[in-house]
Amino acid sequence: ASDIFDLAGMTFNINSPKQLGNVLFEELKLPKSKTNASGGYSTSVDVLEKLKMYPIVDKILYYRTVSKLYSTYAQGLLSAISSDGRIHSKFKQTVTATGRISSTDPNLQNIPIRTEIGRKIRKAFIPEEGFTIVSGDYSQIELRILAHIAQDKNMIKAFLDNEDIHTSTAAKVFSIPLQEVTKEQRYAAKAVNFGIIYGISDYSLSQDINVSVKNAGKYIKDYLEHYSGVKEYMERIVKTAIENGYVKTIYGRRRYLPELSSPKHSVREFGKRVALNAPIQGSAADIMKIAMIKVYNELKTKKLKSRLILQVHDELVIETSIDEIEEVKSILLHNMRDSFELSVPLEIDLSQQNSLLKG
DNA sequence: GCATGATCC
DNA sequence: CATGTCGATCATGCA
């Protein structure tokens, strides 16, 4: 903080976006860009990332990272430890619009993993004596569901051939052999793959991967030419959503979309993105819930000591007795893999470690 | 109690 | 023409 005050030539509350915005954009006259809803200067990561070359901005980003980790995680999680030495989160079944479960008091579904300093938090979650942590992760479940729902021949083939889907997408979009795909091309293809799931626009993709809106538009166009089944799905799902007023998952659970009849264009566009995403995210949630029930029941029926302790949307975590590691891995593998039959296989990544931190 | 901005999938 | 990727929870500032 003192470094930041030195560079600013004054003291202020770094945690106040309002004060911070004034210091950066009025006092120091940095190039201003976005404003937030209340008319102030936005100081969000994506704005500050572009001003990283200013030492003060770089220090502010670091300050933000550390203070978030300290207040929400270091401090917050310590105060959540109960008398048995454990943290007992609450899982809610009826909160999300898509069918995912959520976690509160505290939220254990957003424990840091991205940054090195954040991973230190994860490392602090350890099993009791005689136990270890075994996890099973669905690999690319949402794209596999997209391939299945859209019945897209090219995407289904990529998964059947067990290709890296982002590399495979890059090869198709850039019309080059798999082996010649560069890191940058794979990164762009990955952003398009995720964007498609969320209901993409050329503008948001351009922001995401830092290319012009025009180029982003070309990527999307090329993508949909190679995945024509996806293109047809996008058109079909929006049409049926408007006709029915809802969309549904592979298990038939509905999400109603009143947004589609809003007088406001932006709200209707939001409704279309949701129409696209809800069947995908919701079906993944359905599949995971089926798997969870089966895993829980099998652990119970076999009277194993190991127990299911966490679900993070595409991942199940089991605190596993060390004499049950292989059996638990097998239980996770077959129950997660066989919980639903898609047109593509469901791949599961298994891991075992001595904390919530993998590797 | 709302807005902003952080964390995760 | 305006808009700006899904779904969540939590801490902090501030009216």
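A, B, ... follow the sequence lines: proteins, then strands. Residue 1 opens every chain.
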Tell me whether A:Glu225 is salt-bridged to A:Lys231, with the criterion being a basic N under 4.0 Å from an acidic carboxylate O. no
Under a 4.0 Å N-O cut-off, is there an ion pair linking A:Lys305 with A:Asp323? yes
Applying a 4.0 Å non-hydrogen cut-off, can you work out what [X] is touching in the nucleic acid: base, sugar-phosphate, or nothing?
X: A:Arg268; value: nothing
X: A:Ile111; value: sugar-phosphate
X: A:Ser44; value: sugar-phosphate
X: A:Ile113; value: sugar-phosphate
X: A:Ala97; value: sugar-phosphate
X: A:Arg100; value: base
X: A:Asn107; value: sugar-phosphate
X: A:Asp202; value: base
X: A:Glu142; value: nothing

State whether [X] places a side-chain N or O below 4.0 Å from either non-bridging phosphate oxygen (OP1 or OP2) of [N].
X: A:Gln311; N: B:dC9; value: no
X: A:Asn13; N: C:dG13; value: yes
X: A:Thr43; N: B:dG5; value: yes
X: A:Ser102; N: C:dT9; value: yes
X: A:Ser16; N: C:dC14; value: yes
X: A:Arg64; N: C:dT12; value: no
X: A:Lys18; N: C:dA15; value: yes

Among A:Leu51, A:Val47, A:Asp46, A:Val45, the one residue meeting side-chain contact (heavy atoms from CB on, under 4.5 Å) with A:Glu49: A:Val45
Opposite nucleotide pairing with B:dC2, Watson-Crick or G-U, both atom distances under 3.5 Å: C:dG13
Only pairs with both distances under 3.5 Å count, Watson-Crick or wobble alike; so what is the partner of C:dA2 in this structure? none
Of the listed nucleotides ([options]), which one gets closest to any side-chain atom of [X]?
X: A:His313; options: B:dC9, C:dG4, B:dT7; answer: B:dC9
X: A:Asn15; options: B:dG5, C:dT12, B:dC9; answer: C:dT12
X: A:Ser42; options: B:dC8, B:dG5, C:dG13; answer: B:dG5

When you compare [N] with [M], how far apart are their [atom1] atoms, in angstrom units rounded to a whole number?
N: B:dA6; M: C:dC1; atom1: P; answer: 34 Å
N: C:dC6; M: B:dG1; atom1: P; answer: 27 Å
N: B:dG5; M: C:dG4; atom1: P; answer: 15 Å
N: C:dT3; M: B:dT4; atom1: P; answer: 15 Å

Counting only N and O atoms by type, is there a donor-acceptor contact under 3.5 Å from the side chain of A:Asn277 to the main-chain atoms of A:Ile197? yes
What about A:Gln281: does its side chain form a donor-acceptor pair under 3.5 Å with the base of C:dC6? yes
Please determine whether any donor N or O and acceptor N or O are separated by less than 3.5 Å between the side chain of A:Arg114 and the base of B:dC8. no
Distance in angstrom units between [X] [atom1] and [N] [atom2], rounded:
X: A:His265; N: C:dG4; atom1: NE2; atom2: P; answer: 11 Å
X: A:Lys272; N: C:dC6; atom1: NZ; atom2: C1'; answer: 17 Å
X: A:Glu269; N: C:dC6; atom1: CD; atom2: C1'; answer: 16 Å

Does the plane of the ring in A:Phe5 sit parallel, tilted or perpendicular to the ring in A:Phe12? Use 30° and 60° as the thresholds. perpendicular
What is the ring orientation for A:Phe174 with A:Tyr219, classed by angle as parallel under 30°, tilted 30 to 60°, or perpendicular over 60°? perpendicular
Side-chain donor-acceptor pair under 3.5 Å between A:His88 and A:Asp84, yes or no? yes
Whichever of A:Asp105 and A:Thr98 has its nearest DNA chain C nucleotide further upstream toward 5': A:Thr98
